[in-house]
Structure formats: structure tokens, C-alpha cells
Amino acid sequence: REPRISFVQSFTNRNVFADDRTRLVAFRDQFDDPDDVANLEYARHKAWRVKGQMQYIAEKLKFGTSEKELASIFANAAKELLKARKLLLREISDL
């Protein structure tokens, strides 16, 4: 057999600060992935986004950045994680 290469096309915005249009319900219901697969893929996606936001603070921001800007980045990351938690626990839906 010949070596094979696989790739996955992603239509996700690479800007981790842009609105995220990824929906957990799409993984669970539309793609018919088992819950353990859908949940982990969604969690990895959210982890990638928040990691990028934290890397921005650690690697890109300059001294003199206002506390409001720093706090805003943390607040948005926390909001994203808390919403992901509620979605994973089925407390809310992203339909």
C-alpha cells in the first residue's frame, strides 16, 4: 500500500477574538458523532481559542496596556469557557 495523507478542512476563523460560530449541537446532532467524540472535539476547540487569547496577553501585549483591556480579555475568555461548560452539561442549547 501507498502512504496516505489525510487532512481536515476547517472553516473556523483563526482570529481567536472573533465571534465563534462553532455550535456544539452541530457536532452532536447534525454530524451524528457519539457524545464523547463531539464533546471532546468541542472542548478542544474552545481550549484552542482561549489558549490563543492567553498567548496574546503573554506574547503580544506591551507594557502600558490598560487594566481595562487586560480585564476585558480575561472576562471574554471566562465567558466563553462558562458558556462551553453549560453547553456540555446541556444546561443551555446553542441552536
Side-chain angles (χ1 to χ4, degrees):
R1 281 192 130 164
E2 298 173 10
R4 302 185 92 188
I5 297 174
S6 297
F7 71 96
V8 177
Q9 288 182 310
S10 176
F11 300 102
T12 299
N13 191 332
R14 291 182 57 209
N15 179 352
V16 295
F17 294 102
D19 285 339
D20 187 16
R21 301 188 69 183
T22 303
R23 301 289 178 256
L24 177 57
V25 71
F27 287 94
R28 283 183 176 159
D29 301 337
Q30 294 171 353
F31 302 137
D32 293 324
D33 285 334
D35 279 356
D36 64 315
V37 173
N39 292 339
L40 184 57
E41 287 296 327
Y42 183 77
R44 286 178 173 169
H45 170 70
K46 290 299 180 179
W48 170 80
R49 284 181 51 83
V50 172
K51 175 185 169 188
Q53 293 170 36
M54 297 301 102
Q55 278 183 313
Y56 176 76
I57 292 172
E59 298 171 6
K60 302 285 186 195
L61 284 182
K62 306 281 188 235
F63 289 104
T65 300
S66 74
E67 55 270 2
K68 284 187 176 186
E69 184 176 352
L70 289 168
S72 176
I73 295 169
F74 281 122
N76 288 333
K79 181 180 173 184
E80 190 161 349
L81 290 172
L82 290 171
K83 182 178 179 184
R85 177 190 174 276
K86 288 181 179 183
L87 287 165
L88 287 166
L89 295 174
R90 299 178 193 266
E91 294 174 0
I92 61 172
S93 173
D94 56 0
L95 270 177

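When the side chains of ILVMFWY residues are joined at heavy-atom separations under 4.5 Å, either directly or via intervening members, V16 and L81 end up in a single hydrophobic cluster. Neither F27 nor W48 shares a network with the other; the hydrophobic side chains, linked directly or stepwise wherever heavy atoms of I, L, V, M, F, W or Y lie under 4.5 Å apart, form separate groups for each. Cluster membership for L88 and I92, using ILVMFWY side-chain heavy atoms within less than 4.5 angstrom, is shared.
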Kindly determine whether Q55 and K60 satisfy side-chain contact (heavy atoms from CB on, under 4.5 Å), including the steps that lead there. CA-CA 8 Å; Q55 278 183 313; K60 302 285 186 195; over 6 Å; no
May I have the step-by-step check of salt bridge (charged side-chain N to carboxylate O under 4.0 Å, His left out) for K83 and D94, ending in yes or no? CA-CA 9 Å; K83 182 178 179 184; D94 56 0; over 6 Å; no
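Taking all atoms of both residues into account, the shortest heavy-atom contact from K46 to D20 is NZ-OD2, 2.7 Å. Of all non-hydrogen atoms in N13 and A18, the two that sit nearest each other are ND2-CB, 3.4 Å.
A donor-acceptor pair shorter than 3.5 Å can be found between the side chains of R28 and N39.
A heavy-atom distance below 4.5 Å is found between the side chains of H45 and T12. Side-chain atoms of R23 and Q30, non-hydrogen and from C-beta on, never get closer than 4.5 Å to each other.
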Run the side-chain donor-acceptor check on residues 63-76: report pairs under 3.5 Å with partners two or more places apart or on a different chain.
residue, atom, partner, partner atom, Å
T65, OG1, K62, O, 2.6
S66, OG, E69, N, 3.1
N76, ND2, S72, O, 3.3

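Legend: residues meeting salt bridge (Lys or Arg N to Asp or Glu O under 4.0 Å) with D35, ordered by chain and number and at least two apart, are R90. Every residue meeting the ring pair (Phe, Tyr, Trp, His ring centres under 6.0 Å) condition with F17, not counting sequence neighbours, appears here in chain and number order: Y56.
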